Structures are given as structure tokens and as C-alpha cells.
Undergrad: 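Questions regarding the structure given below will be posed in turn.
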Amino acid sequence: MSCLELCKEVKFKEGQEACTLDGSVDWDGRPAIRAKSGGWVAGIIILLNQGLATLAFFGVGVNLVLFLTRVMQQNNADAANSVSKWTGTVYIFSLVGAFLSDSYWGRYKTCAIFQLIFVVGLVSLSLSAYLSLVKPKGCGDGKTPCGTHSSMEMALFYFSIYLVALGNGGYQPSICTFGADQFDEENPKEGVSKVAFFSYFYLALNLGSLFSNTILVYFEDEGMWALGFWVSAGSAFAALVLFLVGTPRYRHFKPSGNPLSRFCQVIVSAVKKWSVQMPPSAGDLYGVDGKDSSTNGSRRILHTHGFKFLDRAAFISSRDLDDQNHGLKNPWRLCPITQVEEVKCVLRLLPIWLCTILYSVVFTQMASLFVEQGAAMKTTIANFRIPPASMSGFDILSVATFIFLYRRVLDPLVGRIKKSDSKGLTELQRMGVGLVIAVMAMVSAGILERYRLKYARRDCTHCEESSTLSILWQIPQYAFIGASEVFMYVGQLEFFNAQTPDGLKSFGSALCMASISLGNYVSSLLVSMVMKISTEDHMPGWIPGNLNKGHLDRFFFLLASLTTIDLVVYIGCAKWFKCIKLEGRSQEKDDQDEFRV
């Protein structure tokens with residue numbers, strides 16, 4: 001029995017149009033009943049789950065650079081590189097989670113399994129910190145040095161944090177998409193809620209990290225590292241339990257099979273027919289008439305005119321006709337147009353995605369060089385000491401403020417200025433605004449560093465709090481980063497979710513996270529290159545262990561310049577981009593999604 005027939009049967013029994021229209025199903029595989037599944041009940045459960053999981057993750061991640069310098073005895077540049085590589089690995093694992101989610105496991109199973117791995121990793125990290133790393137007790141507070149560690153202790157530490165990376169990375173793209181699955185975009189009311197969900201999801205992510213960036217950071221900064229890690233482990237366990245409690249309420253989409261094989265089939269089929277004479281009309285291509293439906297009940301993608309070489313994969317040759325007459329179908333010679341358009345969609349996304357990587361280089365400085373810059377400033381107000389990593393709390397407040405301002409003020413205002421019923425700024429336009437604000441953040445950080453150096457003691461040994469300039473002067477750069485996140489990362493989540501085919505939604509979210517991943521790796525590479533070049537002729541370099549002898553300001557200005565160039569390239573790519581055309585979506589909506597300068 002087809003999904004449509006099942007839906008009609010449910011309508012008959014319920015006496016009303018109760019089914020969702022986007023093809024989602026319930027736990028038993030039947031069409032989901034709107035009133036009994038999904039919606040904000042399931043959405044709120046997932047938002048709470050995200051908040052708790054984020055609290056757990058940032059309880060480790062936000063202060064990891066100080067843990068590496070104070071407990072593991074790494075220098076500033078090595079610690080910054082280690083954090084960048086670890087954070088990058090977290091988001092590389094998002095591609096693994098997205099692949100398993102879209103292809104085989106489905107989003108629910110993927111979320112549950114990787115959250116369990118996340119909990120195990122945090123428990124292992126807490127045990128290793130408590131039993132061996134933080135010795136003598138209370139060390140790692142910036143005053144009491146920790147002892148040396150054996151190779152076994154080091155191995156357990158790195159195994160634990162990379163297990164955390166695997167668990168969190170594999171879970172993140174699936175939970176975001178799974179939350180969006182709870183809203184039927186074919187229903188006008190739920191479609192609006194689905195767009196709002198992405199903003200609230202990012203807000204939940206930031207509010208979850210607020211506790212980590214303030215309370216947990218304070219305890220860890222005072223040397224209570226094991227306690228901070230145990231709190232993170234408890235929060236991750238609570239998130240897993242909450243997620244499982246919501247199981248009966250969730251809506252699901254069936255996995256669509258291995259996308260890599262579908263992509264390869266299109267490429268191979270097109271290459272095999274490279275010499276054929278294509279018909280002038282696209283109406284003769286296989287599947288354009290809708291007789292061959294898309295994969296696993298997903299919506300059909302309409303034909304577009306870009307990447308015309310790939311259309312050859314859907315050209316019906318005489319050999320293909322003979323195979324069809326004999327009841328045969330070779331997917332490595334003939335592919336439906338929806339499968340061809342899947343490949344086109346991904347190819348169109350790649351230039352936009354590549355332009356977001358440099359923004360992530362800027363974003364990752366908040367967890368590394370911003371913290372090291374703050375540690376070299378005056379961190380005491382009266383008798384209270386502000387942990388440098390807790391300054392990211394201002395980033396979170398900025399995110400919350402700008403999400404509210406955007407949704408309640410800016411979005412309606414832009415709609416009125418455009419004098420149309422469309423939404424305000426498109427996703428592509430918001431991402432462009434995010435790049436502009438990122439440039440402002442780097443300029444702000446560079447100017448602050450120049451002033452910090454004016455008030456710094458260059459003859460210090462450890463150089464923590466060696467400048468009389470207050471750490472509160474970092475607030476503007478954190479606020480700029482937070483504002484840019486609202487435009488860039490929320491825009492990315494919406495953009496990649498909307499512009500990927502139904503069978504690749506988790507992959508769309510993973511693209512956003514992979515951008516952050518490569519941004520961290522590029523940041524690590526950039527720091528290494530800058531240090532190699534700037535330390536020639538026995539110079540201390542731009543980012544030495546003693547920041548008072550370096551030129552961190554020049555590194556920030558370098559990032560501002562690179563991001564400006566990236567913005568120019570991005571505008572060109574965004575103007576070239578063409579939106580996905582799904583069956584049933586109006587041309588007016590497609591036009592609204594185009595980038596306009």
C-alpha cells in the first residue's frame with residue numbers, strides 16, 4: 001500500500017485531513033498524523049536536548065586551550081593549533097553522521113547512537129582527569145603547575161577527547177535536520193514554524209553554552225577541571241534520556257540509500273553517452289514526465305538548464321529502449337532526471353560552501369586567540385577574577401539579542417521596504433551580511449591588541465594579566481562575532497536545508513559543520529605559516545608564548561583582509577547560484593530565494 005493510500009485510510013478513520021503532506025512517517029512507518037506527532041511538542045524536546053548537549057560539549061571545548069597550556073604543558077601556538085585540529089575533527093565527523101543518517105540508519109537512530117558515544121567519551125575524559133591528569137589536586141589554575149604525564153595518560157586523554165569529537169560531530173547534523181523534520185513545510189503554518197525552528201535551534205545551542213562559558217569555566221579556571229568534566233558528562237546523559245523520552249512523538253523520513261552510488265551512476269552514465277546528440281527539448285529525458293518517481297518517496301526535482309553535460313545520464317538511447325522492452329534497467333546507463341538534478345544541486349552548493357570556510361577561520365579565533373589575548377589583559381574587577389574563556393558569554397548574549405532583533409524588527413522592516421509579501425533578507429543575503437560583520441570583528445580585535453600592547457609589560461615571564469587594559473574591552477569583538485553568527489550560521493542552516501534534495505537533508509546540515517571544520521584546519525595552517533615566516537632571523541613571531549613580544553594585531557588584520565576578499569568572491573558566487581526546483585514549489589518562491597545585492 002502506498003503512502004497516499006495509507007494517508008487516505010487514516011483520513012477516513014479520523015474523519016479529517018490528519019496526515020502530513022511532506023511524506024513523513026511515524027515510528028511504525030505509517031503516514032504521520034499531524035495532531036499526534038511532530039510540531040512544537042517534538043521541536044521543544046529537541047531544542048532542550050540540543051541545549052543540554054551543547055552545555056556538555058562546550059564544558060570541554062571552550063576551555064580546552066587553557067587545559068592544554070596549564071595541565072598538559074603546551075605553549076600558546078601549539079595549544080591553539082591543537083584546539084583548531086580537535087574542533088575541526090568534531091565537524092569532520094559530522095560528514096560521517098550525515099552519511100549514515102541519510103543512507104542507512106535514519107536521523108533518529110543516528111542521533112541516539114552518537115549521543116551514547118558522546119556520553120562514553122565524556123565519562124572517560126572525566127575519569128582520566130580525576131585519576132591522573134590533574135595532579136597535584138588543584139593544579140591547572142594558572143598558579144600551581146601540574147606534574148608530567150605518562151604516555152598512557154596522554155593516550156587516554158586524547159582517546160577521550162576524540163571520542164567526544166566523534167559523538168558530538170556525528171550527532172549534530174542529524175539532530176538539526178531531525179528537528180526540522182518535525183514541521184511539515186507543505187503546510188503554511190508549520191512551514192513558518194520550520195523556518196523559525198532554525199533560529200531557535202541556534203539560540204538553544206548558544207544558551208546551552210552560556211552555562212559552560214560562565215559557571216563551568218569559572219570552576220575549571222580555578223583548577224576544578226574534573227568537576228567541570230563530570231558536569232558535562234551528566235548534562236550529556238540527561239540530553240540522551242530526554243531525547244529517548246520523546247520517541248513516540250517524533251516524525252521520521254526513511255533513509256534514501258547510499259548517495260555516493262547515485263552520484264557515481266549519474267557521472268558514469270553521462271560519460272558513457274558523451275558523444276550522443278541531445279534532443280532540443282528536455283521533455284524527452286527520462287523521468288521528466290514524472291513516471292519514474294524520486295528515490296524512496298522523496299519529492300521530485302524539476303529539470304534545470306545548468307550543467308547540461310549531466311543531462312546525458314537521463315537521455316534514453318536505443319539500447320536503453322531495448323533494455324526497457326525486456327524489463328531490464330541499468331542504473332549505470334540511465335538515470336531519472338531527479339537523480340541527475342541531485343548531483344546538480346550539490347555542485348551548485350559547493351562554491352557557496354567554499355566561501356563560508358574563511359568565515360569559520362574568523363569564528364574559531366574566539367575559542368583560541370581571543371582567550372589567549374584575554375588572559376594577557378587585566379582580568380580582575382575589584383576582587384573578582386573573570387576567566388578569559390567566559391568572555392564568550394558576551395558572544396552568546398549577542399546571538400540572543402540579534403536573533404530577537406532580526407526576527408522581530410529587521411525581517412519585518414525589510415519586508416515592508418521591499419513592498420512584497422516575501423520574507424526579508426534571503427539566506428544568501430544574510431550570509432553576506434555575516435561576512436561584513438566578521439570583518440568588523442577582526443578589525444576590532446586588531447585595534448584592541450594594539451592598545452593592549454601599549455599598556456603591557458614586555459619583560460614579564462608568564463605574562464598572564466601583564467597588561468593594565470581591562471579584559472572588558474574585548475566585549476565589542478565578541479559582540480560582532482555573535483551578530484555575524486546570526487546572519488551567517490543561521491542563514492547557512494536554513495540555506496543548506498532548503499537547497500538540498502529530500503534524501504540529503506542531513507548532508508546539508510553537515511556542509512555547514514564541515515565549513516567550521518575546514519575553517520579550524522585552515523586556521524591551524526595559517527597560524528603555522530605565520531609563525532614560520534614571522535620567526536625568521538630569530539624574531540619572536542606574531543604569536544609567541546609571550547604575546548607582549550609579538551604582533552597578534554597583525555594576524556587579526558590579516559584575517560580581516562582575507563575575509564574582505566572572500567566577501568567579493570562570495571557575492572559573485574551568490575549571484576550565479578540557482579535554487580533547487582521541487583515539484584509543487586512555485587516560481588515566485590524560487591525567485592524570492594535568489595541573491596540580490
Side-chain angles (χ1 to χ4, degrees), residues 54 57-58 61-65 80 83-84 87-88 91 199 202-203 205-210 212-214 217 355-375 377 386-406 430-449 452 471-493 512-513 515-517 519-520 522-523 526-527 552-553 555-564 566-567 570:
T54 304
F57 175 72
F58 281 100
V62 76
N63 233 3
L64 184 58
V65 68
V83 171
S84 293
T87 308
Y91 297 120
S199 294
Y202 200 75
L203 180 61
L205 186 152
N206 279 272
L207 291 179
S209 65
L210 181 61
S212 301
N213 293 354
T214 52
V217 161
C355 288
T356 66
I357 293 174
L358 200 58
Y359 171 82
S360 296
V361 176
V362 172
F363 174 75
T364 195
Q365 306 312 314
M366 190 171 58
S368 55
L369 293 181
F370 279 18
V371 177
E372 293 180 8
Q373 181 190 46
M377 301 176 73
I386 302 174
S390 70
M391 290 297 294
S392 57
F394 290 101
D395 163 76
I396 297 166
L397 293 176
S398 176
V399 167
T401 301
F402 276 91
I403 282 179
F404 174 80
L405 289 176
Y406 177 77
R430 278 186 278 160
M431 290 159 66
V433 172
L435 283 171
V436 173
I437 301 175
V439 173
M440 297 167 63
M442 288 297 96
V443 171
S444 174
I447 292 173
L448 174 65
E449 179 64 12
R452 188 195 70 79
I471 193 174
L472 294 180
W473 283 103
Q474 282 192 312
I475 292 176
Q477 64 201 57
Y478 278 103
F480 279 133
I481 291 290
S484 68
E485 289 176 62
V486 172
F487 288 96
M488 173 57 81
Y489 282 144
V490 176
Q492 271 193 67
L493 287 173
C512 179
M513 300 187 67
S515 165
I516 302 175
S517 169
N520 279 273
V522 171
S523 175
L526 198 58
V527 169
L552 185 58
D553 55 324
F555 184 76
F556 289 142
F557 289 139
L558 173 65
L559 287 182
S561 302
L562 293 175
T563 308
T564 301
D566 183 55
L567 173 63
Y570 170 79

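Because the structure is a prediction, the values reported are computed rather than measured. Along the sequence shown, the residues carry numbers beginning at 1.
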Undergrad: Taking all atoms of both residues into account, what is the closest heavy-atom pair of Leu205 and Phe58, and its distance?
TA: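 Leu205 and Phe58 have their closest heavy atoms at CD2-CE1, 4.4 Å.
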Undergrad: Under the salt bridge (Lys or Arg N to Asp or Glu O under 4.0 Å) rule, collect the residues that match up with Glu372, sequence neighbours excluded.
TA: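 Residues passing salt bridge (Lys or Arg N to Asp or Glu O under 4.0 Å) with Glu372: none at all.
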Undergrad: Could you tell me the separation between the CG atom of Leu448 and the CG atom of Leu552, rounded to the nearest 0.5 Å?
TA: 9.5 Å
Undergrad: Anything under 30° is parallel, anything over 60° is perpendicular, the rest tilted; go ahead and classify Phe487 against Tyr406.
TA: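 Rings of Phe487 and Tyr406: perpendicular, as their planes differ by over 60°.
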Undergrad: Just to verify, what does Ser390 make a side chain to side chain contact (heavy atoms under 4.5 Å, CB included) with, not counting sequence neighbours?
TA: Val217, Ile386, Pro387
Undergrad: Could you tell me which non-hydrogen atom of Ser212 sits nearest to which non-hydrogen atom of Thr54, and how far apart they are?
TA: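 Minimum heavy-atom separation between Ser212 and Thr54: OG-O, 4.3 Å.
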Undergrad: Nearest 0.5 Å, what's the OG-CG distance between Ser392 and Leu397?
TA: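 So the OG of Ser392 and the CG of Leu397 are separated by 10.0 Å.
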Undergrad: Please give me the minimum heavy-atom distance between Ile481 and Met366, naming the atom from each residue.
TA: CG2-SD, 3.8 Å
Undergrad: Walk me through whether Leu207 and Val399 qualify under side chain to side chain contact (heavy atoms under 4.5 Å, CB included).
TA: CA-CA 9 Å; Leu207 291 179; Val399 167; over 6 Å; no
Undergrad: May I ask you to decide if Val361's main-chain N or O and Thr364's side chain share a donor-acceptor pair within less than 3.5 Å?
TA: no
Undergrad: Say you draw a straight line from CG of Leu358 to CZ of Phe363; how long is it, rounded to the nearest 0.5 Å?
TA: 14.5 Å
Undergrad: Determine whether Gln477 and Phe370 make a side-chain contact, defined as any pair of heavy atoms from C-beta on separated by less than 4.5 Å.
TA: yes
Undergrad: Examine distances only and state if a side-chain atom of Thr563 and a backbone atom of Val439 form a donor-acceptor pair shorter than 3.5 Å.
TA: no
Undergrad: Sequence neighbours left out, what pairs pass side chain to side chain donor-acceptor pair (under 3.5 Å) with at least one residue falling in residues 435-448?
TA: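 Counting only pairs at least two positions apart or across chains, no side chain to side chain donor-acceptor pair (under 3.5 Å) contact touches residues 435-448.
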Undergrad: Using atom types as modelled and distance alone, determine if a side-chain donor or acceptor of Ser523 lies under 3.5 Å from a backbone N or O of Gly519.
TA: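 It does not hold such a pair.
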Undergrad: Which residue in the set Val490, Ile403, Val486 passes side-chain contact (heavy atoms from CB on, under 4.5 Å) when paired with Leu203?
TA: Ile403
Undergrad: Would you find a donor on one side and an acceptor on the other, under 3.5 Å apart, between the side chain of Glu449 and the backbone of Gln373?
TA: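 No; zero donor-acceptor contacts below 3.5 Å.
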Undergrad: Nearest 0.5 angstrom please: Leu558 CG to Leu562 CG, how far?
TA: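 Those atoms lie 4.5 Å apart.
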Undergrad: For Val371 versus Tyr478, what's the shortest heavy-atom pair and its separation?
TA: N-OH, 4.2 Å
Undergrad: Is the centre of the Phe480 ring less than 6.0 Å from the centre of the Phe402 ring?
TA: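 Phe480 vs Phe402: aromatic centres not under 6.0 Å.
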Undergrad: Would you say the ring centroid of Tyr570 lies under 6.0 angstrom from that of Tyr359?
TA: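 Aromatic pair excluded; centres sit 6.0 Å or further apart.
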Undergrad: Would the distance check show the side chain of Ser515 and the main-chain N or O of Thr356 forming a donor-acceptor pair, the cut-off being under 3.5 Å?
TA: yes
Undergrad: If I compare all heavy atoms of Pro388 with all of Ile471, which pair ends up nearest, and what's the gap?
TA: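 So the two residues come closest at CA-CD1, 3.8 Å.
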Undergrad: Nearest 0.5 Å, what's the CZ-CD distance between Phe556 and Gln365?
TA: 6.5 Å
Undergrad: Mind checking the CD-CG spacing from Gln474 to Asp395? Nearest 0.5 Å is all I need.
TA: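 Between Gln474 CD and Asp395 CG, I get 12.0 Å after rounding to 0.5 Å.
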Undergrad: Is it true that a side-chain atom of Asn206 and a backbone atom of Tyr202 form a donor plus acceptor pair closer than 3.5 Å?
TA: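 Side chain of Asn206 to backbone of Tyr202: a pair is present.
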Undergrad: Of all heavy-atom pairs between Ser398 and Ala483, which one has the smallest distance, and what is that distance?
TA: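 Shortest heavy-atom contact: OG-N, 3.2 Å.
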Undergrad: Kindly indicate whether the side chain of Ile447, heavy atoms from C-beta on, has any atom under 4.5 Å from the side chain of Phe557.
TA: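 Yes, side chains in contact.
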